[in-house]
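Scroll down for the structure; my scribbles are underneath it.
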Amino acid sequence: MRATPSVVGFSLQTRLLVGLGLAIAVGWLMAVAGAGLIIRHEIDEVFDSAMQEMVQRVLPLAYADILAREADDTVEQRLPDVGKHEEYITYVVRDGSGRVLLQSHDADPALFPPDLVTGFRNWNGGRFYTASAVSGSILVSAMERPGHRASTVRQSLVALSLPLLLLLPGMVGATIWLVSRSVRPIATFGTVIASRGEGNLAPIESAGLPNEIRPVERAVNVLLERLRRALETERSLTANAAHELRTPVAGALAQTQRLIADLDHPAHRARAADIEAALLRLARLTEKLLQLAKAEGGNLRSKTETDLRTIFPLVFADSPDAGRIELNLPEQPILSDVDIDVYAIALRNLVENALKHGPPDEPILVVLGEDGALSVANGGPSIAIEEFQRLCQRFERGTSLAEGAGLGLAIVSAIAMGLGGTLTAATPAKRNGVEIRLAFPLR
């Protein structure tokens, strides 16, 4: 089965900006188009009314002028030019046979339709209106200059659109500001959720969330509360079981050691020694389970800061392998609010892991960096990243025959996660082997 390619999603802010931008653009274009249609309709009515008004006024005047002429006066007359001006509406007066009797000074009879149909009509790119009198013997035709209406509509739309165009950048800027301000609480809410570590399961409180996101906040808090109870139950069970086992295991170990001292038969002493070794392994497992319960708890930091350098002598003071440890500490204090016991648990487990899996004739290098990062390096074969990730799980062991419960790296990994840090493994720069590095925010 072929894998479905992942789809790159857009942020809510981008979607709102694109959607609102398109809505504004489409709405503005529709408004301009609607305004253009209305303006064109109104201009048609006004210009048609002007043409009709002109014809109705000219018709009786032309009739009276023609009657006042002499009977043999058949010369076409043109009204005199009363001043230089541009006529938007021209007219001609014709008789029933189409002969021009009178015309305005700027009229061109060749542009008028030859037939004498009354009423409004469009012909040869122009708009005309014709009316008749005296039983059709006198006709007055008015013509509007071609393109005048379209030019008027364009000028009206420009005058209407220019203020909107000037306001458009402001509208876009206001939209961007409003959308950014509206989604800011949502982005903050997501950042708060993403920043939560395993040890911080307190309810999330984010002010300013819109009502549509409030159900998500409540659902996340309910989920965090369920997760917190489940983890507390698991940790409590682990801690209580380990704590309850500690006393009887210590008692059984003491009785076994006393029994070994009282036995004289070698075979019996050997069997009792096997029991002692099993009880010691059980005691170490109990101690590791208590450390794991503390590592997975929520109290990994204290209210006061401590110099991390002071913890190292306390951890190595009672170690029988202190001679194999090469310690490199910075000169200046490394202050952190990490819990002292938690840091000591992490340090002890890393060092024990290095001592077990490193060659017995090679030293263990322990370095505390100036940034607070702790690295423990030992010799031997290197380790793959996948193998290291597997060993960080509970009760996972490598191919070494060294004794262990498979919990050391799991404990340190839980501490790193709870502190918001990382636990990584690499090959040391100047030697073979494995270098495990624990880094976390100091505060």
Side-chain angles (χ1 to χ4, degrees), residues 3-48 88 145-225 227 371 417 419-422 439-443:
T4 303
S6 60
V7 179
V8 179
F10 294 98
S11 65
L12 178 60
Q13 179 173 342
T14 302
R15 293 180 180 180
L16 288 175
L17 287 177
V18 172
L20 290 176
L22 290 177
I24 291 175
V26 172
W28 180 75
L29 291 176
M30 292 179 62
V32 171
L37 293 176
I38 295 175
I39 292 175
R40 180 57 187 265
H41 176 73
E42 295 297 328
I43 287 178
D44 286 343
E45 288 187 347
V46 172
F47 280 35
D48 286 349
Y88 293 104
R145 191 180 67 180
H148 178 51
R149 296 194 184 192
S151 176
T152 304
V153 172
R154 285 195 300 269
Q155 293 175 5
S156 301
L157 289 179
V158 169
L160 177 65
S161 303
L162 188 58
L164 293 178
L165 287 175
L166 295 177
L167 290 175
L168 193 59
M171 295 171 62
V172 173
T175 302
I176 295 175
W177 177 82
L178 180 61
V179 171
S180 301
R181 184 178 179 86
S182 300
V183 302
R184 190 179 303 162
I186 302 177
T188 303
F189 180 64
T191 302
V192 171
I193 295 177
S195 63
R196 288 299 179 92
E198 183 182 357
N200 187 4
L201 299 177
I204 296 175
E205 296 182 1
S206 183
L209 280 178
N211 294 333
E212 291 79 4
I213 308 298
R214 288 292 179 184
V216 178
E217 179 188 21
R218 290 192 292 268
V220 170
N221 287 332
V222 170
L223 181 61
L224 287 176
E225 178 62 21
L227 182 60
D371 58 351
M417 185 178 299
L419 293 175
T422 57
F440 57 88
L442 295 179
R443 297 172 182 83

Could you pull out all donor-acceptor pairs under 3.5 Å where a side-chain atom in residues 153-160 meets a protein atom, sequence neighbours excluded?
from: Q155; atom 1: NE2; to: S151; atom 2: OG; distance (Å): 3.4
from: S156; atom 1: OG; to: T152; atom 2: O; distance (Å): 2.8

Q.
Test of understanding: with side chain to side chain donor-acceptor pair (under 3.5 Å), list the residues that count as partners of D48, not counting sequence neighbours.
A. R127, R149
Q. Taking only residues two or more places apart in sequence, or in another chain, which ones meet V216 in a side chain to side chain contact (heavy atoms under 4.5 Å, CB included)?
A. F189, I213, V220
Q. Does F47 have any ring-ring contact (aromatic ring centres under 6.0 Å, His included) partners at least two apart in sequence or in another chain, and if so, which?
A. H148
Q: Please name the pair of heavy atoms, one in G420 and one in P441, separated by the smallest distance, quoted to 0.1 Å.
A: O-CD, 3.5 Å
Q) Could you give all pairs that pass the salt bridge (charged side-chain N to carboxylate O under 4.0 Å, His left out) test and reach residues 27-43, with sequence neighbours left out? A) R40-D44
**Q.** All pairs passing salt bridge (charged side-chain N to carboxylate O under 4.0 Å, His left out) where residues 162-172 contributes a residue, at least two apart
**A.** none
